[in-house]
Amino acid sequence: ENMHISDWRGSILGYTDGRGRVLKVIPTFHPAATFRQAILTKFCLADWKRISEDKEFKELRIPEISVVTEPTDDEFGHFMMDMGTRTIPEWTAADPWPVMAVDIENDKKTGELLCVGFSYNSDSALVLPLSRRAFFTADTRDRMLCYARALCADPIPKVLQNGQHDQYILRANSIPLVNYQWDLMEMDHALDPNDGGDTQAGSEGASDAETIRISMRSLAVLASLYTRFPYYKKGGRKSVAEFQWRNLYDYNGKDCCVTRTIFPLLLTSLLQRGLVSQSDCYSPSASSADSLLPWQPATTDPVLRRSRWC
């Protein structure tokens, strides 16, 4: 498997040396790369800031999360009740606004919705499998659909990463997403509108062999800048023929926890700069994704086409 510095830079890793010591390693670009691609300066500065701060302690301090997959009725009930007790609208520096992170995984070839994850705090997530290939009984899948519809319909504000794609897939499967208020991509763009797109686009004169390519607002990049999660994007998101379902669900749950971790950090910066108020939101309008929906449902599955809430 190919390992790229553009993927792993900023990650907090452990290396065991010949004497059995676990040493902390934080990879970053060679500073000379910034002369060829000035846009990489942002990452070098962030990585060296992390290196300077992390030299004060030996522990890796990697976040630990728990992911509940294919919940029972009791587990789902506890998730809903716990979410209700944690989402009191309090604007604080630690958690400026109660939100629930939402993320989906779908088959890139067929478009099939494989699972959807939810997280209302940064250390736990609930993942609902939705692919027929993952179940032995239709009743289990129907129950997961009911849970998905209930959570997406909950009035709690939602935060997503590039959520128009997720919203489109959910709507195509008769799971409307209510109160989609925040999008990390839009929030980060509001903070730094000049560094969007692919880094190669701003590298005039650099050949493909010399140019480092990074999608500037991908969740992986935002995670490397705003969280202590090491790079994980190759861990579970492969073709359907290759991945293991358990790995995919854990990957989906981690995406949700990472999204929920990043959200208060971006919102705090927006508040401090006066770029957002309590009544504002940074996300594409709902009509944008709705307008992309085909006239005919994307599936002929009668269960998915039901419009009722369970």
Side-chain angles (χ1 to χ4, degrees), residues 1-65 122 161-162 184-238 247 251 254-255 257-259 261-263 265-266 268-270 272-273:
E1 185 176 10
N2 292 332
M3 306 278 283
H4 300 287
I5 184 63
S6 57
D7 293 332
W8 289 96
R9 53 131 297 276
S11 292
I12 303 165
L13 308 173
Y15 167 74
T16 303
D17 69 3
R19 289 187 284 174
R21 299 177 302 173
V22 178
L23 305 178
K24 188 187 301 183
V25 178
I26 303 177
T28 189
F29 298 125
H30 192 287
T34 62
F35 291 104
R36 295 190 297 271
Q37 293 174 264
I39 201 168
L40 298 180
T41 303
K42 171 179 180 178
F43 298 111
C44 280
L45 290 174
D47 295 344
W48 279 103
K49 180 176 184 293
R50 169 164 288 174
I51 291 168
S52 175
E53 295 171 347
D54 268 56
K55 68 180 177 59
E56 301 298 330
F57 54 91
K58 296 181 179 180
E59 304 84 12
L60 300 184
R61 299 184 184 178
I62 305 301
E64 296 183 359
I65 65 172
S122 59
Q161 160 69 13
N162 192 22
L184 298 186
M185 183 177 292
E186 305 296 330
M187 296 170 76
D188 191 60
H189 176 75
L191 290 168
D192 194 350
N194 296 318
D195 71 350
D198 192 302
T199 54
Q200 193 175 38
S203 306
E204 185 177 354
S207 67
D208 289 346
E210 298 173 330
T211 303
I212 296 172
R213 305 196 68 156
I214 300 178
S215 179
M216 296 294 287
R217 303 196 200 283
S218 68
L219 187 59
V221 167
L222 295 181
S224 74
L225 293 172
Y226 297 109
T227 81
R228 297 185 66 83
F229 286 94
Y231 181 70
Y232 64 93
K233 284 294 187 175
K234 296 285 178 63
R237 198 64 184 92
K238 298 181 180 179
N247 291 345
Y251 173 93
K254 185 171 287 188
D255 272 355
C257 290
V258 167
T259 299
T261 300
I262 296 171
F263 168 76
L265 303 176
L266 292 181
T268 298
S269 294
L270 289 167
Q272 290 173 345
R273 297 190 191 183

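Residues take their numbers from the sequence shown, with the count starting at 1.
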Q. Just by distance, do the side chain of Arg228 and the backbone of Arg61 share a donor-acceptor pair under 3.5 Å?
A. yes
Q. If only atom types and distance count, is the side chain of His30 paired as donor or acceptor with the main-chain N or O of Ala32 below 3.5 Å?
A. yes
Q: Dump the intermediate steps for side-chain contact (heavy atoms from CB on, under 4.5 Å) on Arg50 and Ile12, then the final yes or no.
A: CA-CA 9 Å; Arg50 169 164 288 174; Ile12 303 165; 3.9 Å; yes
Q | Heavy atoms of other groups near Phe35 CZ, more than 12 under 6.0 Å | A | no
Q | Under 3.5 Å: donor-acceptor pair, side chain of Ser52, backbone of Lys49 | A | no
Q: For Glu64, enumerate each residue passing the salt bridge (Lys or Arg N to Asp or Glu O under 4.0 Å) test, keeping only those at least two apart in sequence or located in another chain.
A: none
Q: For Ile26 and Asp54, run side-chain contact (heavy atoms from CB on, under 4.5 Å): C-alpha distance rounded to whole Å, both residues' side-chain angles, the deciding distance at 0.1 Å, then the answer.
A: CA-CA 9 Å; Ile26 303 177; Asp54 268 56; 4.0 Å; yes
Q | pair Leu222-Met185: side-chain heavy atoms closer than 4.5 Å | A | no
Q: Evaluate side-chain contact (heavy atoms from CB on, under 4.5 Å) for Phe29 paired with Ile5, printing each intermediate quantity in order.
A: CA-CA 7 Å; Phe29 298 125; Ile5 184 63; 3.9 Å; yes
Q | Sidechain-backbone polar pair: Thr227 side chain, Phe229 backbone, donor-acceptor under 3.5 Å | A | yes
Q | Salt-bridge criterion met for Lys233 and Asp255 (N-O under 4.0 Å) | A | yes
(Q) We want to know whether Asp7 and Tyr232 form a side-chain donor-acceptor pair, criterion being a heavy-atom distance below 3.5 angstrom. (A) no
Q: Flag this pair as yes if the NZ/CZ of Lys24 is under 6.0 angstrom from the six-membered ring centre of Tyr15 and inside a 45 degree cone about the axis; otherwise no.
A: no
Q. Got a second to check how far Gln161's CD is from Ser218's OG, nearest 0.5 Å?
A. 7.0 Å
Q.
Minimum heavy-atom separation for Ser269 and Leu191, please, with both atom names.
A. CB-CD2, 3.7 Å
Q. Does any N or O in the side chain of Thr261 come within less than 3.5 Å of the main-chain N or O of Cys257, such that one atom is a donor and the other an acceptor?
A. yes
Q. Considering residues at least two apart in sequence or located in another chain, which fulfil the salt bridge (Lys or Arg N to Asp or Glu O under 4.0 Å) criterion with Glu56?
A. none
Q.
Please report the interatomic distance OG1(Thr34) to CG(Leu40), rounded to the nearest 0.5 Å.
A. 7.5 Å
Q. Is any side-chain heavy atom of Thr28 closer than 4.5 Å to a side-chain heavy atom of Phe43?
A. no
Q | Shortest non-hydrogen contact between Leu13 and Pro230, atoms and distance | A | CD2-CB, 4.1 Å
Q) Listed by chain and number, what are the side chain to side chain donor-acceptor pair (under 3.5 Å) partners of Asn162, not counting sequence neighbours? A) none
Q) How far apart are the C-alpha atoms of Ser224 and Arg9, what are their side-chain angles, what is the distance that settles it, and do they pass the side chain to side chain donor-acceptor pair (under 3.5 Å) test? A) CA-CA 7 Å; Ser224 74; Arg9 53 131 297 276; 2.8 Å; yes
Q | Working for side-chain contact (heavy atoms from CB on, under 4.5 Å), residues Thr16 and Arg21 | A | CA-CA 5 Å; Thr16 303; Arg21 299 177 302 173; over 6 Å; no
Q) Are side-chain heavy atoms of Met216 and Val221 found at a separation under 4.5 Å? A) no
Q. Going from CG on Leu265 to CG on Leu184, what distance comes out if it is rounded to the nearest 0.5 angstrom?
A. 10.0 Å
Q: Can you see which heavy atom on Ser122 is nearest to which on Ile65, and at what distance?
A: O-CG2, 3.8 Å
(Q) Using every non-hydrogen atom in the two residues, find where Asp47 and Pro27 come nearest and quote the distance to one decimal. (A) OD2-O, 4.0 Å
(Q) Once rounded to the nearest 0.5 Å, what's the spacing between atom OG1 of Thr259 and atom OH of Tyr226? (A) 13.5 Å
